[in-house]
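Working notes for the structure below.
Chain identifiers are assigned alphabetically (A, B, ...) following the order of the sequence lines, protein sequences preceding nucleic acid strands; residue numbering begins at 1 within each chain. Given the structure is predicted, the values throughout are model-derived calculations rather than measurements.
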Amino acid sequence: MKRLNPKKSTQYGILKNSTISPVSTIVELFGENKVLFSDESQVRAICLNCISHPCIDYDYEMLKPDILPGMPHNLNTKVCPIDSIKIGGDGFPQIDSTSCIGCGICLSKCKYGAIHLTSDNKALVNRGTHQHVDWVEELSYEDFQNREGAFSQIELDYLPIMISKKYFNELYSKILSFCKSNNGAENYFVRNLFLNLGLNTKVRVIGNNDIRFDLIGTIQNDIIVGEIGLNGTDILEEPRAILDDVAVLNSRYGFEINSIKPVIITLSFPNKRSDVYEVIYDIQKILSIRIITISFHILILLNLFRKKVDINEMIKLFYVDKDNKSILEATIKIFPDIIKIDPYYNSEFYQAIK
Amino acid sequence: MKKLTHKSNGIEQTGTLNIFQRHSNGLDVEESTKTIIFKNIFGEIEDYDKYKFYPLVGEILQELGFNCQITRDGDSNNRSDGYIIDEVHSVPIEIKSPTEVLAINNKSVRQAVENKVVLLSRKFYNTTIETTSLVIGYLYPTERSGVLDLIDDVKKAYGFSIGIISFEALLICLWNKYYQNKELDKNIILTLNGRLF
């Protein structure tokens, strides 16, 4: 006779002793992270199981910045653009290692540091237990507050290890391949990376020709408008598209031109001979529109290392034109360890090289 | 001022016959045969690529009395496909052959805006902010394309005039000049914002 297994109750980890609190997470990136507690013990970073699972879904409100409320935009709340992370049968988040491409977007969403990349470049939710955790089936508000409060104060120590070129090569190859067969996916990747950086933006719904900008959001009193070109788009199209975006935002929606901060998000910088740098210079000179260029690679790295950056600072620094075809120095200013961790720091991900 | 160098004006010399005479198939070129001759011309050029279409546009503009240059292929520093060169009001021209895109679209307008910015910045030829930046294509855009809305947006935001001219409109101007003694007022072209007619 077939026996029915009783459904397991979902469990939540709580801190056993409120006087011993987590102090810092030591981020290994390609390996299990560790948490240092105030009693100087060091334990594995494990999933304590959230109620709302921020590693799976964004808070719906984050996807609705106030700007252009009538704009039809992508309201998909999923953190993983590939949809590889879901709730498993035991109520804990689980990553499908077959489909996961290792982009790391989910990593920075876990405040417990429980998600890391494995040696084969797949994200993994670390499970298990340690001496500072008790498991309960019902999470009281007090325990919840205690746990959240303790981990929200935690410092992040990452080990500045050099990431392999293979990781990036495989990752970008998979992302480009996914974007090729999923219209609009590149916008979705970028939106999620920006959300993780703390910039609430929305991206357009593919197929709506009235809304031409790929991404829009607000920073204080300014508007950020973005054109995303990861898929080998003709790079010269991007400044043209920006001119279109700014004209539409000014003419139809009444935004002052000097309050619009246009951004191009590209996978790699065009070579030195490309006229795009001259065109960006011309646009700044004639229309006083300063177009910022941010590489997708930098967004990926900032996310992997859970960096919170001042977006305004980024906007000020990341300007390239015919007189300066590199954002390497700008990147070092906001992320000094970049040359220790990125084998591609001297590549077209940061500057025109050929 | 940095001037562009052209080995020639990029416009093929086609002898003494004008475009209507070349496509008359033996008919007298007059008002009564206009429709047939236009049909003959469209029948031939609908397959034209950029290498045939751009010089043809240049030829017509020259016959209309403009000093027109077609940009040599591969000149990436110079974004425009051609120029009307004038002492004060030079005009960048974005040309779209029928095999590139059948009707003028938003992308063409975007390029015309960029052409305007580039010309103002790099000063290949004299121009003013008020002078138009042209798009010449095979057909006018459909209403649904939003091209005219974008042209309005550009005017409001940047003060730039973007003029669009279909190949048929260009031919009509030339026909009027040759066979109706109606010379085109050049200022209409030099300051055009939106459709010619």
Within a radius of less than 6.0 Å around [atom1] of [X], do more than 12 heavy atoms belonging to other residues, nucleotides or ligands occur?
{"X": "A/D323", "atom1": "CG", "result": "yes"}
{"X": "A/E329", "atom1": "CD", "result": "no"}
{"X": "B/K52", "atom1": "NZ", "result": "no"}
{"X": "A/K180", "atom1": "NZ", "result": "no"}
{"X": "B/E87", "atom1": "CD", "result": "no"}
{"X": "B/K39", "atom1": "NZ", "result": "no"}

Toward chain B, the part of [X] with a non-hydrogen atom under 4.5 Å:
{"X": "A/N250", "result": "side chain"}
{"X": "A/I289", "result": "side chain"}
{"X": "A/I257", "result": "side chain"}

Contact listing (chain A partner; [range]; heavy atom under 4.5 Å):
{"range": "residues 157-183 of chain B", "result": "B/A157, B/Y158, B/F160"}
{"range": "residues 93-102 of chain B", "result": "none"}
{"range": "residues 130-150 of chain B", "result": "B/D149, B/L150"}

For this session: Scan for salt bridge (Lys or Arg N to Asp or Glu O under 4.0 Å) pairs involving residues 243-258 of chain A, sequence neighbours excluded, and state none if there are none.
Result: A/R212-A/D244, A/D244-B/R110, A/R252-B/D153
For [X] against [Y], the heavy-atom pair lying closest together:
{"X": "A/L236", "Y": "B/E114", "value": "O-OE2, 3.9 Å"}
{"X": "B/K156", "Y": "A/S251", "value": "CD-OG, 3.4 Å"}
{"X": "B/V117", "Y": "A/L243", "value": "CG2-CD1, 4.4 Å"}

Problem set entry | A/D282 with B/K116: basic N within carboxylate O range, under 4.0 Å | no
Problem set entry | Most contacts with chain B, counted as non-hydrogen pairs under 4.5 angstrom, among A/S274, A/P239, A/A241 | A/A241
Problem set entry | Min side-chain heavy-atom separation A/E237-B/K107 under 4.5 Å | yes
